[in-house]
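Counting starts at 1 for both ligands and their atoms, in listed order. Just so it is clear, the model here is predicted, and its values are computed rather than measured.
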Amino acid sequence: MLRQVAAGVLVHESEFCQSNAVVVQGRAGVLLVDPGVLTHELAALADDLRELGQPVVAGFSTHPHWDHLLWDARLGAAPRYGTARCAATIRDRLSAPDWKARTAGLIPPDIVGQVPLDLLGLITGLPADTARIPWDGPQVRIVEHQAHAPGHAALLIEERGVLIAGDMLSDVLIPLLDFNGTADPIGDYLAALRLLEGVAGDVDVLVPGHGSVGGADQVRARIDQDRAYVHALRDAGVLNDPRVGPAAKEGWDWVAGVHAGQLQRLAGVSRFRSG
Ligand SMILES: [Zn+2]
């Protein structure tokens with residue numbers, strides 16, 4: 001179930017929304033990024049790692065959305081990290097007495113019973129200027145930006161040429177803007193794409209939070225595609241995006257509805273802020 005995408009970097013794709021969990025092999029164990037979604041998947045992942053003799057020595061959540069914050073006791077008690085903003089956002093949410101019911105309300109009803117919520121979001125925020133994940137393995141650079149969710153971070157494993165993009169640069173999911181965490185969702189998203197563009201030259205393998213793992217050629221192509229989408233959204237222009245409409249991959253037809261929702265939402269946000 002674990003597929004190697006680069007030396008010492010393995011990916012597990014979930015049944016839910018092609019969510020990618022990423023395993024990075026270190027000296028004494030692995031770093032596990034966005035572990036996954038369904039209970040049986042997390043259990044299988046824990047079994048696979050045990051068979052490989054590779055305990056989880058660190059975890060990381062790319063952003064504070066439920067499908068990137070899950071954990072299972074079988075994965076062990078390693079420290080789990082996120083950016084300071086990511087951790088603060090989820091801490092705030094977990095402080096509500098009814099957080100579990102609220103979170104369950106965000107999960108599709110057909111899978112909610114298979115999603116383990118007990119250990120959701122128990123992450124430590126890394127100080128805002130932290131450049132790399134503190135762990136004993138290949139250096140993992142934190143590329144934080146304000147797009148999609150507060151404290152969203154991509155991870156760059158330079159010596160392996162791997163970019164873990166979080167919920168950006170997907171071949172199936174359009175840019176989903178963060179309308180609540182920022183006053184300028186469009187401008188911030190475009191700035192984030194520029195930031196990723198700045199590291200794109202070092203990337204041979206792109207792992208999006210949802211969708212297909214891409215090669216070097218996909219990095220710039222997906223940055224361009226996401227930018228074109230955000231421009232079309234900003235300008236209410238003609239959208240020519242294979243992820244929306246009849247060309248969408250099977251099972252992803254709902255993305256068109258999400259796009260319509262974003263258009264509507266933006267109609268209520270001043271266009272002048274976008275710059
Ligand atoms: Zn997300």
Side-chain angles (χ1 to χ4, degrees), residues 11-22 32-38 41-42 59-71 80-94 99 102-108 111-112 115-117 120-123 125 142-155 163-182 185-186 188-193 195-196 206-214 222-223 225-226 229-230 233 243-244 249 251-252 254-255 257-259 261-262 265:
V11 169
H12 171 257
E13 186 187 291
S14 169
E15 294 163 21
F16 172 74
C17 277
Q18 278 188 264
S19 306
N20 291 311
V22 185
L32 179 55
V33 181
D34 293 353
V37 183
L38 306 178
E41 294 174 335
L42 292 167
F60 190 88
S61 288
T62 56
H63 63 286
H65 285 164
W66 68 268
D67 48 333
H68 300 263
L69 294 166
L70 299 164
W71 198 261
R80 297 159 57 191
Y81 301 112
T83 65
R85 276 196 80 190
C86 172
T89 302
I90 188 61
R91 199 181 311 121
D92 185 48
R93 221 163 292 157
L94 292 177
W99 72 266
R102 282 202 213 177
T103 305
L106 301 170
I107 301 174
I111 63 157
V112 69
V115 178
L117 294 179
L120 177 139
L122 302 180
I123 60 173
I142 300 167
V143 186
E144 184 178 353
H145 44 267
Q146 302 311 327
H148 182 63
H152 190 278
L155 299 175
L163 178 68
I164 301 170
D167 277 6
M168 300 182 66
L169 311 186
S170 170
D171 59 327
V172 283
L173 204 51
I174 49 175
L176 301 180
L177 273 55
D178 178 13
F179 289 104
N180 303 314
T182 162
I186 291 273
D188 285 351
Y189 209 102
L190 293 172
L193 289 173
L195 195 64
L196 295 179
L206 164 68
V207 186
H210 306 278
S212 313
V213 174
R222 291 193 194 175
I223 290 171
Q225 181 170 258
D226 277 1
Y229 174 84
V230 176
L233 196 61
R243 297 168 294 187
V244 179
K249 196 169 167 181
W252 292 84
W254 53 272
V255 173
V258 174
H259 167 59
Q262 294 202 115
R265 186 88 193 250

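- Proximity of Val115 to Leu70: side-chain heavy atoms (C-beta onward) are separated by under 4.5 Å at one or more points.
- In this structure, NE2 of His63 and OD2 of Asp167 enclose an angle of 90° at the Zn ion (ligand 1), rounded to 10°.
- Judged purely by atom type and a 3.5 angstrom limit, Gln146 has no side-chain atom pairing as donor or acceptor with the backbone of Asp178.
- Defined by atom type and a distance below 3.5 Å, a donor-acceptor pair is present between the side-chain atoms of Asp167 and His63.
- Note on His65: its N/O/S atom closest to the Zn ion (ligand 1) is ND1.
- At a threshold of 2.8 Å, the Zn ion (ligand 1) has a backbone or side-chain N, O or S atom of His148 nearer than that distance.
- A donor-acceptor pair under 3.5 Å is absent between the side-chain atoms of Ser14 and the main chain of Ser19, judged by distance alone.
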